[in-house]
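Every number for a ligand or one of its atoms is a count from 1 in the order of the listing. Note that the structure is predicted; figures quoted are calculated from it, not measured.
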Amino acid sequence: MKLKFGSVEENVVTREEFPLEKAREVLKDEVIAVLGYGVQGPGQALNLKDNGFNVIVGQRKGSKTWDKAIADGWVPGETLFELEEACQRGTILQFLLSDAGQIALWPMVKKHLTPGKALYFSHGFGITYKEKTGIIPPADVDVILVAPKGSGTSLRRMFVEGRGLNSSYAIFQDGTGKAKDRVIALGIGVGSGYLFETDFYREVTSDLTGERGTLMGAIQGIFAAQYEVLRANGHSPSEAFNETVEELTQSLMPLVAENGMDWMYANCSTTAQRGALDWWKPFRDASKPVFEALYESVKSGKEAQKSIDSNSKADYREKLEAELKELRESEMWQAGAVVRQLRPENN
Ligand SMILES: NC(=O)C1=CN([C@@H]2O[C@H](COP(=O)(O)OP(=O)(O)OC[C@H]3O[C@@H](n4cnc5c(N)ncnc54)[C@H](O)[C@@H]3O)[C@@H](O)[C@H]2O)C=CC1
Ligand SMILES: CC(=O)[C@](C)(O)C(=O)O
Ligand SMILES: [Mg+2]
Ligand SMILES: [Mg+2]
């Protein structure tokens, strides 16, 4: 249906419009093979299974995530297979290996993309940067995308709570004439809230910007800047952490989520409202050039190249873990660990 977002009209799909029963009908003869069992793999595979679809998982035997898949109820030889066997058996191949991992596996996956099958992504990366990834699908298959706008962990948690994480959807190639029904049915099946339309290029450029920007990169940057200023001016870690992070995640962001920024403001003191209304624009103006540089870096393909280069190395996991450790061991997040322990619900 068409819905207005502000003054702009968009194409969206809701569960009322495309109920689960319809999704099941559309996909009743399909075998959905979820390839990879990292973060999105478990969320999407388990939600699809609980929603009544035929799902199998493809994962490397002997890996830690193979054991995790077994612990989650997937049965070797019945619903859990080596990647190649899953590609053989599946009619819809959900390519949920890491974006860098997809490059190495592509020649094998391609071999099993026989006419009529569908290749499904949760990111526009592999297709948009085909010069870097080599992912060029044959013409007689569907190439579709459902990109949940959040972690696979949240996708699963929200499903279990009876909620839904919003996703975008796109069709890159309609090889069978059934791509539209297939992609919407899968979007509903993985547990999306509502689905909004995009294309592979827009999905990857907005997603790379968002995760580097407000969602993950910028938020840590702004936390660190304020924390450091407070500490440099003699405030304790407890005071600095509460005033920077804990109050935001525990008290104020839930209010923003519920009813918008103005409503959160309205539930704070007039003193706070005066200051926030004065200061949000200087913060916007100071950070906007950084966001513009970030978008340029995404658009030029530089961000994609960096991600491929670093995540294709044999020791990429160890390198990432070392950098996460540095973050975890910073004073701000050490303070955070203590503050979390002290939440009454945690003891
Ligand atoms: N992490 C998330 O919640 C989100 C991820 N996505 C997209 O979903 C897709 C999957 O992402 P994640 O679940 O984060 O992936 P991930 O980084 O957790 O990796 C998934 C699986 O790929 C396997 N893998 C990596 N390299 C491999 C190789 N060379 N050979 C065989 N297996 C290999 C890993 O062992 C793991 O089981 C990506 O396209 C990503 O951009 C989209 C939205 C959110
Ligand atoms: C969770 C999500 O949507 C991200 C941040 O884009 C990702 O994990 O790539
Ligand atoms: Mg994302
Ligand atoms: Mg992403």
Side-chain angles (χ1 to χ4, degrees), residues 10 12 34-48 65 68 94-103 105 120-130 132-133 135 144-161 163-170 172 183 186-187 190-223 249 253 257 290-291 294-312 316-317 319-321 323-324 327:
E10 292 187 35
V12 302
V34 172
L35 310 175
Y37 208 71
V39 183
Q40 278 299 316
Q44 296 195 26
L46 291 169
N47 289 359
L48 283 164
T65 42
K68 178 177 172 355
Q94 295 202 171
F95 212 2
L96 298 181
L97 300 175
S98 71
D99 296 298
Q102 291 175 16
I103 299 173
L105 264 287
Y120 165 113
F121 293 87
S122 285
H123 202 6
F125 196 103
I127 292 286
T128 301
Y129 303 114
K130 61 176 185 293
K132 304 181 197 296
T133 65
I135 298 179
I144 55 185
L145 168 146
V146 173
K149 294 290 115 184
S151 167
T153 304
S154 319
L155 183 73
R156 180 60 183 166
R157 282 187 187 170
M158 290 169 81
F159 175 85
V160 169
E161 291 165 7
R163 300 163 65 204
L165 187 68
N166 302 327
S167 305
S168 58
Y169 73 93
F172 175 72
V183 73
L186 288 162
V190 299
S192 302
Y194 85 96
L195 293 152
F196 61 94
E197 194 175 37
T198 188
D199 58 43
F200 278 61
Y201 173 77
R202 280 172 209 271
E203 195 286 330
V204 72
T205 46
S206 60
D207 193 85
L208 292 176
T209 301
E211 66 203 16
R212 282 156 183 71
T214 58
L215 304 177
M216 295 170 69
I219 193 76
Q220 165 60 20
I222 208 167
F223 283 172
T249 61
M253 272 300 146
V290 185
F291 283 102
L294 162 60
Y295 196 82
E296 265 318 302
S297 187
V298 168
K299 218 168 119 183
S300 69
K302 212 166 120 193
E303 294 302 311
Q305 192 62 53
K306 277 174 84 166
S307 166
I308 292 171
D309 292 345
S310 58
N311 296 329
S312 300
Y316 77 97
R317 282 272 166 221
K319 287 251 165 68
L320 286 173
E321 178 47 39
E323 288 180 72
L324 294 179
L327 208 52

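Considering just the N/O/S atoms of D207, the one nearest the Mg ion (ligand 3) carries the name OD1. Within E211, the N, O or S atom at minimum distance from the Mg ion (ligand 4) carries the name OE1.
Contacts between M216 and ligand 2 below 4.0 angstrom, taking non-hydrogen atoms only, involve the side chain exclusively.
A salt bridge links K149 with E203; the closest basic N to acidic carboxylate O contact falls under 4.0 Å.
Between F95 and F121, the angle of the ring planes lies from 30° to 60°, which puts this pair in the tilted group.
Using modelled atom types, one finds no donor on one side chain facing an acceptor on the other under 3.5 Å when comparing T198 with S168.
The distance from ligand 2 to the heavy atoms of S151 drops below 4.0 Å at these ligand atoms: 1 (C).
In this structure, D207 is part of the shell of residues with a heavy atom less than 4.0 angstrom from ligand 2.
Contact between F196 and V12 at its shortest, heavy atoms only, is CB-CG1, 4.3 Å. Residue V146 comes nearest to S167 through the heavy atom pair CG1-CB, 3.8 Å, listed as atom of the first residue, atom of the second, then distance.
The single protein non-hydrogen atom nearest to atom 3 (O) of ligand 2 is G150 N, 3.5 Å, given as residue, atom name and distance. When hydrogens are left out, the protein atom nearest atom 6 (O) of ligand 2 is E211 OE1, 2.6 Å; that is the closest non-hydrogen contact.
Side-chain atoms of Y120 and V183, non-hydrogen and from C-beta on, never get closer than 4.5 Å to each other.
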